[in-house]
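To start, the structure itself, in structure tokens.
In what follows, residues are counted from 1 in the order of the sequence shown. Just the heavy atoms: all of them, side chains too, but no hydrogens, waters or symmetry mates, feed the values below.
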Amino acid sequence: MAAVQRTVIENCSIATVDADDTEYGHGYVVIAGNRIESLGAGRAPEGLENVVRRIDASGHLVTPGLVNTHHHFYQWITRGLATDHNLFDWLVALYPTWARIDEPMVYSAAQGSLAMMARGGVTTAMDHHYVFPKGSGDLSGAIIRAAQETGVRFTLARGSMDRSEKDGGLPPDFAVETLEGALAATEATVGEHHDASFDAMTQVAVAPCSPFSVSTELLREGAELARRLGVRLHTHGSETVEEEQFCKELFGMGPTDYFESTGWLGEDVWMAHCVHMNDSDIAAFARTKTGVAHCPSSNARLAAGIARVPDMLAAGVPVGLGVDGTASNESGELHTELRNALLVNRLGAHREAALNARQALRLGTYGGAQVLGRAAEIGSLEPGKLADLVLWKLDTLAHASIADPVTALVFGAAAPVTASFVNGRQIVEGGRLTTVDEDAIARSTRAQAQRLARIAAQG
């Protein structure tokens, strides 16, 4: 067997985000193959064999790679629309356009979404894709192909909808699947693409869209399917007051009780948003270890409200950060969500005590790994974990006068990414992706956005 190749990163500040929040003001990280071999204060050990690269990371902070826990890649080609709408009005405005997506559009949108996140420090991404118009092609395969080409670790949350306009739902009738069709297609996607191994680059979750776009049967049978296959479950929950009213009117109970009645609380479940949660809802999530994908920018864009993240964390609820779809968070970046999570939550009941810089960084790294069920593998810098890490440049005009590097990263302007490693492979160099052509992706996404707009306009 060939000797394992090593990369040595030195002269950097390090925030490990381990259980003790260990930090080093001047330290090193050694990558061996696709694992973190060692890290600590001072210089790297002498006598390391087969060192193929040494990086002088003076002026940088090294952190675990960011983990995105909620997104809708296809929305990259419908950014900037319905900018003054709440959630339900926004959905009504955009579903007629989304219902006309096809495989080339979805592939290009996935490329754009992934590229924007990866160049900003995301090493593990996820996509909740739930729009499968009839005859639109292999959308799941296109998304996974884009993730593989970009080089990020990836979870596809294979979504579904079976409640259309004729059933009182929001999507057009031709844009939803049947109950049987959705379950069969989801099982086939898991069978073809899910990798359960420690260093898996692609995993699949079962992900019916939301309480107001799927039937009770799809939720219940989807949960049964996921547990039979041994994969995780994902959906939207408690995003708006309108959703709460919908659940009470239709099911006679609030969203959390409804989810519990259909098997949708548990340590293998995570939900997006969870803005409108009362004390008993939070207690139920804590008791069952149900995870939350907190999406502060999207929640603000759609005027959904402020999620009770400090209360969730205090109760023991696993919480990560999410970009959400770029039709409700046009920047498409996760590193800006570190700052936004901290600032938005300080507008809530806990004010300045809501979150601090290190809690925000933990949400975007280890918290996300917990939510995706991968905390043993990623989310912190520890020997034996996968080599997913980021070098943030903090010695420029934007950050140089801030003494504490974690404060600089979270409170300051979006920091440049000098290098990003996924599974030991470098995918960003000097703020540019090394795996794909960003300029070509920009041209492709513009062309596909224009094509979709033309098709939607034709009705």
Side-chain angles (χ1 to χ4, degrees), residues 9-17 21-29 39 55-69 113-125 150-152 294 296-297 320-323 329-346 355-369 378-381 387-422 426-434 438:
I9 303 167
E10 294 184 291
N11 304 319
C12 52
S13 299
I14 303 171
T16 68
V17 200
D21 272 329
T22 304
E23 297 181 12
Y24 302 103
H26 184 269
Y28 70 90
V29 180
L39 71 162
I55 299 174
D56 180 359
S58 301
H60 288 77
L61 171 67
V62 177
T63 72
L66 301 184
V67 179
N68 183 32
T69 62
S113 296
L114 287 157
M116 197 68 191
M117 284 187 292
R119 70 199 294 270
V122 168
T123 56
T124 298
T150 308
V152 298
H294 176 46
S297 294
L321 291 181
V323 169
N329 178 6
E330 274 75 3
S331 75
E333 299 175 299
L334 192 69
H335 61 316
T336 55
E337 298 303 286
L338 302 175
R339 186 173 191 262
N340 290 346
L342 185 148
L343 296 181
V344 167
N345 280 280
R346 287 189 176 187
L355 289 176
N356 60 39
R358 283 160 177 82
Q359 287 173 310
L361 178 59
R362 179 169 289 274
L363 288 177
T365 53
Y366 188 81
I378 60 173
S380 61
L381 302 180
D388 294 7
L389 53 90
V390 179
L391 281 67
W392 308 92
K393 187 171 178 60
L394 297 178
D395 60 356
T396 68
L397 173 64
H399 303 93
S401 60
I402 303 176
D404 175 55
V406 176
T407 295
L409 177 66
V410 175
F411 278 85
V417 174
T418 293
S420 182
F421 291 83
V422 182
Q426 187 170 352
I427 67 166
V428 175
E429 174 75 42
R432 297 282 292 186
L433 289 162
T434 63
E438 295 178 28

Applying side-chain contact (heavy atoms from CB on, under 4.5 Å) to A387 and not counting sequence neighbours gives I31, I36
Nearest 0.5 Å, please: how far is [atom2] in [Y] from [atom1] in [X]?
X: L343; Y: S297; atom1: CG; atom2: OG; answer: 10.0 Å
X: L66; Y: E337; atom1: CG; atom2: CD; answer: 10.5 Å
X: S380; Y: D388; atom1: OG; atom2: CG; answer: 11.0 Å
X: Q426; Y: L433; atom1: CD; atom2: CG; answer: 11.0 Å
X: R339; Y: F411; atom1: CZ; atom2: CZ; answer: 9.0 Å
X: I427; Y: F421; atom1: CD1; atom2: CZ; answer: 10.5 Å

Just list the side-chain donor-acceptor pairs under 3.5 Å for residues 113-123, sequence neighbours left out, or say none.
residue : atom : partner : partner atom : Å
S113    : OG   : F73     : O            : 3.2
S113    : OG   : A109    : O            : 3.0
R119    : NE   : E438    : OE1          : 3.1

Indicate the atoms forming the closest heavy-atom contact of [X] with [Y], along with that distance.
X: A414; Y: T336; result: CB-CG2, 4.4 Å
X: A15; Y: V406; result: CB-CG2, 4.0 Å
X: A415; Y: W392; result: O-CE3, 3.7 Å
X: N68; Y: G322; result: OD1-CA, 3.2 Å
X: T69; Y: G368; result: CG2-CA, 3.5 Å
X: T124; Y: I378; result: OG1-CD1, 3.4 Å

So, T434 side chain and E429 main chain: donor-acceptor pair closer than 3.5 Å or not?
no
Without swapping roles, check the side chain of N340 against the backbone of P296 for a donor-acceptor pair under 3.5 Å.
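Such a contact is absent between N340 side chain and P296 backbone.
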Evaluate the side-chain proximity of [Y] to [X]: yes if any heavy-atom separation is below 4.5 Å, no if none is.
X: L363; Y: L355; value: yes
X: P64; Y: L381; value: yes
X: T365; Y: V67; value: no
X: H399; Y: P416; value: yes
X: V62; Y: Y24; value: no

What residue among V29, I55, T63, V417 forms side chain to side chain contact (heavy atoms under 4.5 Å, CB included) with L391?
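Result: among V29, I55, T63, V417, I55 is the only option passing the side chain to side chain contact (heavy atoms under 4.5 Å, CB included) with L391.
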Residue that, paired with L361, satisfies side chain to side chain contact (heavy atoms under 4.5 Å, CB included) out of L321, V17, N356
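Among the candidates, only V17 passes.
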Here the salt bridge (Lys or Arg N to Asp or Glu O under 4.0 Å) pairs for residues 355-364, sequence neighbours left out, are D21-R362, E23-R358, R358-D404
Steps toward side-chain contact (heavy atoms from CB on, under 4.5 Å) verdict (V390, S420)
CA-CA 4 Å; V390 179; S420 182; 3.8 Å; yes
